[in-house]
Amino acid sequence: MPITAPFKLASREFRDEPTVIAVNGTKIGGKQLPVIAGPCAVESTEQIVTIARLVQKAGASFIRGGAFKPRTGPYSFQGYGEEALKMLKAAKDETGLGIVTEVMTPHEVELVGEYTDMFQLGTRNMTNFYLLREVGRAGKPVILKRGMSATIEEWLLAAEYILAEGNPDVILCERGIRTFETHTRNTLDLNAVPVIHELSHLPIVVDPSHGTGIRSLVCDMTKASVAAGADGLLLEVHHDPDHSMTGDGAQSLFPDQFETLMRELQPIAIAVGREI
Ligand code: PEP
Ligand code: MN
């Protein structure tokens, strides 16, 4: 049967059953609602281990944190690189949480892959086709963030690059798009959640932290994401966000807010047939 969608392997026509990805004891794309939480950037062993303990206690399954940071300006903190990967490993050893961290260039895929459980490809790299191909050959799950100006079709075509190299474990991440609205950092396109579920068998997680850019909006938009059918969540949490080394402290939840949010998500998750 010919597949009419331009994204072949990613399409529902190719595979109707939802893709379920098992990683570090957690399943993404099934009944579970995994939560990936942590700071924007890894800043020290103490910082990442402290945050990992806090988010694990509240029910997260993965610790996130950037080692290689794609900053808009060249003079901003660019991340501690391999040192930060070692700090993430310390947080995993301490808590058992899986690691999610960004990889920015094809030549760092091997190094990042030695530490991470899932690669994150950031919004600025969604159309870095050499990088897409390289993680397609890496044999670890990939969280593919939506390009800030990408259509849903362009996003699925980016996923197709990874799938076409033989890596079936792609998780899409809606993180907000650029619109004419300037009050929020981005416009979180929750339409994408049911649209992706109609068009594709791949799981989709939502990142309301970058989607809003404003701490006070994150909890409401997280709840809306779960109600819309998200397969998981990616949230920035920092124990001391006012001293965060990236500008993303303004969108990072305090640990007690994260804990309350995790509790308040329970009935919403149950209502949509999920376990959190
Ligand atoms: C991040 O997750 O910290 C990040 C840089 O995200 P994005 O690529 O969505 O801006
Ligand atoms: Mn960030």
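Position 1 is the first residue of the sequence; numbering continues from there. When a ligand or atom number is given, it counts from 1 through the structure's own listing order.
The NE2 atom of H210 and the OE2 atom of E236 subtend an angle of 90° at the Mn ion (ligand 2), given to the nearest 10 degrees. Here the angle centred on the Mn ion (ligand 2), running from SG of C40 over to OD2 of D248, is 90°, rounded to 10°.
For the ligand labelled ligand 1, residue R146 lies outside the 4.0 Å heavy-atom shell. Using a non-hydrogen distance threshold of 4.0 Å, E236 registers as a contact of ligand 1.
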Step-by-step salt bridge (charged side-chain N to carboxylate O under 4.0 Å, His left out) determination, D169 to K140: CA-CA 7 Å; D169 296 335; K140 285 203 170 176; over 6 Å; no
Verdict with reasoning, H238 to S244, per side-chain hydrogen bond (donor to acceptor under 3.5 Å, both in side chains): CA-CA 8 Å; H238 200 296; S244 141; 4.8 Å; no
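Screening L265, I36, D207 for a side chain to side chain contact (heavy atoms under 4.5 Å, CB included) with L233, the sole residue that qualifies is L265.
Applying the 4.0 Å criterion to heavy atoms of C40 picks out, from ligand 1, the atoms 3 (O). For ligand 1, the atoms sitting less than 4.0 Å from at least one non-hydrogen atom of G122 are 8 (O), numbered in the order shown with element in parentheses. Close approach of ligand 1 to R124 is summarised as follows: ligand atoms under 4.0 Å from at least one heavy atom of the residue are 8 (O), 10 (O). Near K145, with a cut-off below 4.0 Å to any heavy atom, the atoms of ligand 1 are 1 (C), 2 (O), 4 (C), 6 (O), 7 (P), 8 (O), 9 (O).
With respect to atom 4 (C) of ligand 1, the closest heavy atom belonging to the protein is H210 NE2, 3.4 Å. Shortest contact from atom 2 (O) of ligand 1 to any protein heavy atom: R64 NH1, 2.7 Å. If you check which protein heavy atom lies closest to atom 8 (O) of ligand 1, you get T123 N, 2.8 Å.
The distance criterion of under 3.5 Å between nitrogen or oxygen atoms is met by R175 with respect to ligand 1.
Inspection of the Q47 and H239 side chains reveals no N or O donor paired with an N or O acceptor under 3.5 Å.
By the criterion of a heavy-atom distance under 4.0 Å, the side chain of K69, and not its backbone, is placed next to ligand 1.
For the pair E236 and R64, the salt-bridge criterion is met [side-chain N within less than 4.0 Å of a carboxylate O].
Residues L121 and C173 are not in side-chain contact: their nearest non-hydrogen atoms beyond the backbone lie 4.5 Å or more apart. Side chains of V237 and L54 form no contact here, defined as non-hydrogen atoms less than 4.5 Å apart.
Heavy-atom neighbours of E165 CD from other residues, nucleotides or ligands within 6.0 Å: above the threshold of 12.
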Extract all donor-acceptor atom pairs below 3.5 Å that involve side chains of residues 253-263 and protein atoms in other chains or at least two apart in sequence.
from : atom 1 : to   : atom 2 : distance (Å)
Q257 : OE1    : F254 : N      : 2.9
T260 : OG1    : D256 : O      : 2.9

